[in-house]
Every structure is written in structure tokens, then in C-alpha cells.
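Please read all numbers here as calculations on a predicted model, not as lab measurements.
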Amino acid sequence: MALRDRDIRIKLTEWLAAEYAYDPTTVICHEFAVPRPSARIDLAVINGVLAGFEIKSELDTLSRLPRQIASFSCVFERATLVTTARHAVKARTILPDWWGIIVVDEKATFRRQKRGRCNTNVSSGHALHLLNSEELFALADMNKCTVSRKLRKA
């Protein structure tokens with residue numbers, strides 16, 4: 001029986017929680033939105049580094065993956081595709097060199113097929129879209145930037 005996205009997500013969340021249990025500052029977010037260009041990554045790990053995990057189950061296709069890669073590559077410092085053996089070979093031809101690949105088997109066991117590297121092309125402009133207005137104003141204040149009062153009240 002093929003593993004579904006939900007099954008993989010549950011096991012991946014457990015695996016990541018165990019992996020980062022030593023770090024109380026780590027937050028694991030489900031369906032993390034990347035506003036520009038618009039996309040959602042299945043899981044994001046935030047702990048001083050923004051890492052994303054995209055799941056492609058046996059029942060998925062890779063047709064949306066190129067668009068997702070373009071979105072995720074703007075903001076994630078690390079990204080990993082979590083997929084089955086069926087998709088792993090083709091995914092390697094699509095993914096940028098810096099992405100990692102984890103293959104999940106029918107028993108929901110994870111095996112790192114390719115270790116990812118740091119993305120050196122994160123766009124600060126795109127990353128700013130991840131912040132809400134309060135966070136942006138705090139950042140502006142911290143960096144002694146002048147922000148219009150009209151903007152602050154909006």
C-alpha cells in the first residue's frame with residue numbers, strides 16, 4: 001500500500017521533532033506560506049536557519065515541483081525533498097544542487113539520499129515578505145530606518 005502525504009507528514013514531523021529536541025528555539029510549521037511567488041511548503045523548520053521540507057508521496061506527481069522550487073529557493077536557506085524511490089531519480093534532474101533528498105520507504109523509514117547545502121541565493125526582498133508589519137517596523141527601528149507615520153498607522 002502506497003504511503004500518502006499525510007502518513008509521510010506525521011512521520012517526518014516526529015523525525016524532525018526528535019532531530020531538534022535539543023534546541024528549544026526550534027519551531028516546526030506545517031503548510032508554511034511563501035507569499036511571493038506564492039506557494040506553501042509542507043514543513044518548515046525555523047531556528048536561526050529557515051529550512052523547508054517538501055513532501056511528494058507515491059500518489060503525487062512532480063509537475064508542480066519546478067514552480068515550487070522557484071518560490072522556495074527565494075527564501076529557504078536549506079530545502080529538502082522528502083519522497084519515495086519512485087520520484088527520487090526524476091527529482092534529482094529537477095532539483096537545484098543545493099537541495100537535499102530524503103527517500104521514504106513503505107514502512108515510513110527515512111534514508112538521506114543526498115545531503116543538501118546552504119542556499120547562497122536567498123532573496124532578502126522575498127524574505128521580508130515573510131514578516132508582518134509589526135516585525136518590519138521593529139526591524140526598521142532596530143536599523144534606525146525612517147518610516148513614515150502614515151505607514152505605521154496603516
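In Lys114, the NZ atom is crowded: over 12 heavy atoms of neighbouring residues, nucleotides or ligands sit closer than 6.0 Å. Heavy atoms of other residues, nucleotides or ligands lying less than 6.0 angstrom from CD of Glu134 number 12 at most.
The closest side-chain heavy-atom distance from Leu3 to Lys107 is not below 4.5 Å. The closest side-chain heavy-atom distance from Phe110 to Val103 is not below 4.5 Å. Contact annotation: the side chain of Lys56 approaches that of Arg64 to within less than 4.5 Å [non-hydrogen atoms, C-beta and beyond]. For the pair Val34/Cys74, no side-chain contact is recorded, criterion being any heavy-atom separation below 4.5 Å from C-beta on. Taking 4.5 Å as the limit, some side-chain heavy atom of Ile69 sits within range of a side-chain heavy atom of Pro96.
By the criterion of side-chain heavy atoms lying less than 4.5 angstrom apart, applied directly or through intervening Ile, Leu, Val, Met, Phe, Trp or Tyr residues, Leu62 is grouped together with Ile101 in one hydrophobic cluster. Ile55 and Ile28 fall within the same hydrophobic cluster, where Ile, Leu, Val, Met, Phe, Trp and Tyr residues are linked whenever their side-chain heavy atoms come under 4.5 Å apart, directly or through other members. Transitive grouping of hydrophobic side chains (ILVMFWY, heavy atoms separated by less than 4.5 Å) brings Trp98 and Ile94 into a common cluster. No chain of hydrophobic side-chain contacts below 4.5 Å, direct or via other Ile, Leu, Val, Met, Phe, Trp or Tyr residues, connects Leu43 to Leu95. Hydrophobic clustering of Ile, Leu, Val, Met, Phe, Trp and Tyr side chains at less than 4.5 Å, counting indirect connections, keeps Phe53 apart from Ile41.
Checking side-chain atoms of Asn143 against main-chain N and O of Cys145 turns up no donor-acceptor pair under 3.5 Å. A distance-only check finds no donor-acceptor pair linking the side chain of Ser73 to the backbone of Ala70 [under 3.5 Å].
The residues Arg9 and Glu31 are annotated as salt-bridged, a charged nitrogen and a carboxylate oxygen being separated by less than 4.0 angstrom.
The only option from Leu12, Thr109, Thr84 that meets the side chain to side chain contact (heavy atoms under 4.5 Å, CB included) definition with Val104 turns out to be Thr84.
By the ring-ring contact (aromatic ring centres under 6.0 Å, His included) test, Tyr20 pairs with no residue at all, sequence neighbours left out.
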